[in-house]
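Below, all heavy atoms of this structure are taken into account, side chains as well, without hydrogens, waters or symmetry copies. Residue numbering restarts at 1 for every chain, and letters A, B, ... go by the order of the sequence lines.
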Amino acid sequence: MHCDNEQQLTPIQRILMVVDMIPEGKVTTYGQVADLAGLPKRARLVSKALKSSPPSRNTPWHRVINSQGKISLPKDSHGYRTQIELLRCENIEVNQGKVRLSDYKWQPCIATLVMDLPF
DNA sequence: ACTAAGGCAACGG
DNA sequence: ACCGTTGCCTTAG
């Protein structure tokens, strides 16, 4: 018996599991993370989850942007600059705080997700 | 590109 | 427990 108790993960835990799966060099949106986590219409919860995730967890929070391809942080904030830097470190182009989703959006294989996520 | 409105949960009294 | 406010992603215009 290995891990039956994973049936009742909290929404935030599920969100972070999805974020963990975003490959390096790719981005996705808050809304898609929520959808993949089985939480439609809860994009806002995704930002809460990312905010509450301790740095020691190494969650790739910077790979989550909004549906316009823009960074959802105040332009004058430290987080804004950090996110751009992290994205560029993995060869993602950022212009005017914006990423071309048509070039960099993660297109997950559903079959893979089903196998890797316990829900 | 920008604004408005919809949606939804956390928060405060 | 109830309800208005707040915050903010998404969609529509």
Side-chain angles (χ1 to χ4, degrees):
Chain A
M1 241 11 73
H2 356 108
C3 22
D4 283 291
N5 36 334
E6 309 227 356
Q7 208 75 47
Q8 31 188 339
L9 292 167
T10 69
I12 286 184
Q13 288 176 313
R14 290 157 58 157
I15 286 168
L16 293 179
M17 291 184 72
V18 170
V19 174
D20 286 338
M21 297 177 71
I22 308 170
E24 191 178 321
K26 293 290 179 183
V27 297
T28 191
T29 66
Y30 295 90
Q32 182 170 39
V33 171
D35 287 347
L36 293 174
L39 303 162
K41 306 281 190 170
R42 301 211 198 148
R44 204 183 154 259
L45 190 59
V46 175
S47 63
K48 187 201 168 194
L50 295 178
K51 204 172 294 187
S52 69
S53 158
S56 59
R57 190 181 180 288
N58 290 324
T59 307
W61 61 273
H62 58 285
R63 297 179 189 145
V64 184
I65 58 183
N66 70 25
S67 63
Q68 322 289 315
K70 293 189 289 190
I71 286 169
S72 270
L73 287 173
K75 280 174 286 301
D76 57 1
S77 67
H78 177 258
Y80 179 87
R81 290 184 288 275
T82 303
Q83 187 164 16
I84 291 178
E85 183 180 344
L86 290 171
L87 291 171
R88 288 182 173 152
C89 276
E90 35 194 85
N91 295 317
I92 294 170
E93 292 177 51
V94 187
N95 303 306
Q96 322 294 324
K98 201 162 105 187
V99 174
R100 284 213 176 284
L101 291 178
S102 55
D103 292 340
Y104 295 104
K105 188 166 182 188
W106 178 36
Q107 256 107 38
C109 168
I110 302 302
T112 301
L113 290 173
V114 170
M115 294 193 62
D116 292 352
L117 297 173
F119 49 87

Student: From NZ of A:Lys70 over to C1' of C:dT10, roughly how many Å is that when rounded to an integer?
Tutor: 12 Å

Student: Testing A:Leu16, A:Val19, A:Leu50, A:Ile22 for side chain to side chain contact (heavy atoms under 4.5 Å, CB included) with A:Trp61, which one passes?
Tutor: A:Leu50

Student: Could you tell me how far apart A:Leu39 (CG) and C:dT10 (C1') are, to the nearest whole angstrom?
Tutor: 16 Å

Student: Which atom pair, heavy atoms only, marks the closest approach of A:Arg57 to A:Ser53?
Tutor: CD-OG, 3.8 Å

Student: Run through A:Lys70, A:Gln68, A:Glu93 and flag the one making a side chain to side chain contact (heavy atoms under 4.5 Å, CB included) with A:Lys98.
Tutor: A:Lys70

Student: Considering just the side-chain nitrogens and oxygens of A:Thr29, establish if one lies under 4.0 Å of OP1 or OP2 belonging to C:dT10.
Tutor: yes

Student: Taking atom C1' of B:dG7 as reference, at what distance in whole Å does atom OH of A:Tyr30 sit?
Tutor: 17 Å

Student: I need the CG-C1' distance between A:Leu73 and C:dC8, as an integer number of Å.
Tutor: 12 Å

Student: Contact class for A:Lys98 vs. all strands (heavy atom < 4.0 Å): base, sugar-phosphate, or nothing?
Tutor: sugar-phosphate

Student: Distance check needed: B:dC2 P versus A:Gln96 CD, whole Å only.
Tutor: 11 Å

Student: Tell me whether the side-chain N/O atoms of A:Ser72 come closer than 4.0 Å to OP1 or OP2 in C:dC9.
Tutor: yes

Student: Can you measure A:Arg44 atom CZ to C:dT11 atom P for me and round it to whole angstrom units?
Tutor: 17 Å

Student: Measuring from the side chain of A:Leu45 (C-beta onward, heavy atoms only), which nucleotide among C:dT11, C:dC9, B:dA10 has the closest atom?
Tutor: B:dA10

Student: If you find the nucleotide of DNA chain C closest to A:Gln68 and the one closest to A:Lys51, which residue's nucleotide is nearer the 5' end?
Tutor: A:Lys51

Student: Name the closest nucleotide to the A:Arg42 side chain, picking from C:dC9, B:dA9, B:dA10.
Tutor: B:dA9

Student: Does CD in A:Gln13 sit with more than 12 non-hydrogen atoms of other residues, nucleotides or ligands closer than 6.0 Å?
Tutor: yes

Student: Of A:Leu101, A:Val46, A:Val18, A:Val33, which meets side chain to side chain contact (heavy atoms under 4.5 Å, CB included) against A:Thr28?
Tutor: A:Val33

Student: Side chain of A:Lys48 only, please: which of C:dC9, B:dG7, B:dA10 is the nearest?
Tutor: B:dA10

Student: Could you state the atom-to-atom distance from CG of A:Asn66 to P of B:dC2 in whole Å?
Tutor: 13 Å

